[in-house]
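As structure tokens, the structure follows; a few thoughts come after it.
Convention: sequence-line order gives letters A, B, ...; per-chain numbering from 1. Below, each value reflects all heavy atoms present in this structure, side chains not excepted, and no hydrogens, waters or symmetry copies.
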There are 2 protein chains.
Amino acid sequence: MDTTQRTDQQRSADRRRRELLEAADRVVLRDGPQASMNAIAAEAGITKPILYRHFGDKGGLYAALAQRHTDALLDSLRAALDAPADRRERVEATLDTYLAAIEARPQVYRFLMHPAEGSAAPGDQGEQGFDVGKHSAPLLRRMGEELAQVIEERLDLGPGSQQLARVWGHGIVGMMHAAGDWWLGERPCGRAELVRSLADLLWGRLAAAGDRVGGPGF
Amino acid sequence: MDTTQRTDQQRSADRRRRELLEAADRVVLRDGPQASMNAIAAEAGITKPILYRHFGDKGGLYAALAQRHTDALLDSLRAALDAPADRRERVEATLDTYLAAIEARPQVYRFLMHPAEGSAAPGDQGEQGFDVGKHSAPLLRRMGEELAQVIEERLDLGPGSQQLARVWGHGIVGMMHAAGDWWLGERPCGRAELVRSLADLLWGRLAAAGDRVGGPGF
DNA sequence: AGACTCCTGTTACCGCAAGTAACATGCACG
DNA sequence: CGTGCATGTTACTTGCGGTAACAGGAGTCT
């Protein structure tokens, strides 16, 4: 029978694939998102065509790579979201988990946000269509959807709750992402303070704040 | 005297520059962010080296191009933000202005968000340093700072107000951006509804919502 | 054993886009 | 007239994504 053999082959191929991914990981960790296929192949001790046989094209490799990290991060976030604590604490824990992750591995984070910009084959017509909307990083989309689901499951939002939950999911994730990005660059404060500020924002302090009196002008 | 002459030359150079930018604009509007320098030069009726003389490198051109659109958008946003209305109305008007802009010109929007990914010269060593933090689009950063300033000017946030305002500025902009991006791709609802949902989020409805009872599980 | 197949690996190449060097031309000033 | 100087060109280099085409090695069938 050839099933055992095929299984064997598949197994070895999978192992190979994982090794290649780990090599790619190392390179991306070192060179950032613009790591070249040549560099990755060299790091893995092989040459380009093998990479292409395994992953199709650069987009494929990057997608596979991104999925690993995305899955890992999403697992952490789910844990924080599902902890048995009150809402505010859960929100803060989730924000903190995300920020800790991007703080720990900035290059990986950057790679996840800008996976494969170009990705146009030579013979390819280059997608005349707009392709708008898919522009965002898959990680952001997945986090948004995930959060939306949790919100919709847990909160009573009245009619149109599903729509609302999705808007909020993507909105909150975007808030977290942008604030985290800015914070990583400027480091204007500690992580805990950032977390508290963002939670305050979500808790409506913007709407509750009073107008400033005696400000400049009027 | 050469001042008049220099002025003349500078004037004509500036005119050329503007013409080139308009040509580039047309190409980007058509081809998206991956417009090639050759294509832009062709559209302008000239050849590559002239572009390089004017803008240095692709990053320079893209930066100049981005600045125009960013300035224009920021002007609209400032108008909405400074309108004589109550806070909720101003926030909604600002959100709506932004969303209307990205809805009207998706390619430009996309270009602004992913200006120049690669941008590494052949001989360049490619910035061994991390370069983390600058990864975000300049447009987002500028919007965040702008909003932060308005918040800090107008709201009474107590001690640490400046820090808080900046966090909120970037956070809100990120929320707007991510939600807008997702909305552009999926079009799950009308613009007005999206605006209302986001404003609700900022108004603390997330914290105020009750726990769902009779949900799946517990 | 020998032919067949499949997987792994290589070298050498194509096409394309960024960026540059070197050469040509029009035009003002002395 | 020649000397700058900006504008424009053609032709090139470099580097990267991606692809043929070829070269063993290991199991399989007859």
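Taking atom CE on B:Met37 and atom C1' on C:dT20, their separation rounds to 13 Å, with Å as the unit. Atom-to-atom, CG of B:Asp31 to P of C:dA17 comes out at 10 Å; the value is rounded to the nearest Å. Going from atom NE2 of B:His54 over to atom C1' of D:dG8 covers 10 Å, rounded to whole Å. When rounded to the nearest whole Å, the span between CG of B:Asp57 and C1' of C:dG19 equals 9 Å. Put simply, CD on A:Gln34 is 20 Å from P on C:dA17, counting in whole angstrom units. Distance, B:Leu61 CG to C:dG19 P: 10 Å, rounded to whole Å. Rounded to an integer number of Å, the gap from A:Phe55 CZ to D:dG18 P is 13 Å. Counting to the nearest Å, the C1' atom of D:dC12 and the CG atom of B:Asn38 are 13 Å from each other.
The residues B:Arg142 and B:Glu145 are annotated as not salt-bridged, no charged nitrogen and carboxylate oxygen being separated by less than 4.0 angstrom. The residues B:Arg154 and B:Asp82 are annotated as salt-bridged, a charged nitrogen and a carboxylate oxygen being separated by less than 4.0 angstrom.
Within 6.0 Å of atom CZ in B:Arg68, more than 12 heavy atoms from other residues, nucleotides or ligands are found, so the atom counts as buried in its surroundings. Heavy atoms from other residues, nucleotides or ligands lying under 6.0 Å from CD of B:Gln162 number 12 at most.
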Please list, one pair per line, the donor and acceptor atoms closer than 3.5 Å that link side chains of residues 38-53 of chain B to other protein atoms, with sequence neighbours excluded.
| residue | atom | partner | partner atom | Å |
| --- | --- | --- | --- | --- |
| B:Glu43 | OE1 | B:Arg30 | NH2 | 3.4 |
| B:Glu43 | OE2 | B:Arg26 | NH1 | 2.5 |

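In the region residues 40-53 of chain A, proximity to DNA chain D at under 4.0 angstrom, judged on heavy atoms, holds for A:Lys48, A:Pro49, A:Tyr52.
Cation-pi geometry between A:Arg187 and A:Trp183 is satisfied (NZ or CZ under 6.0 Å from the ring centre, within 45° of the ring normal).
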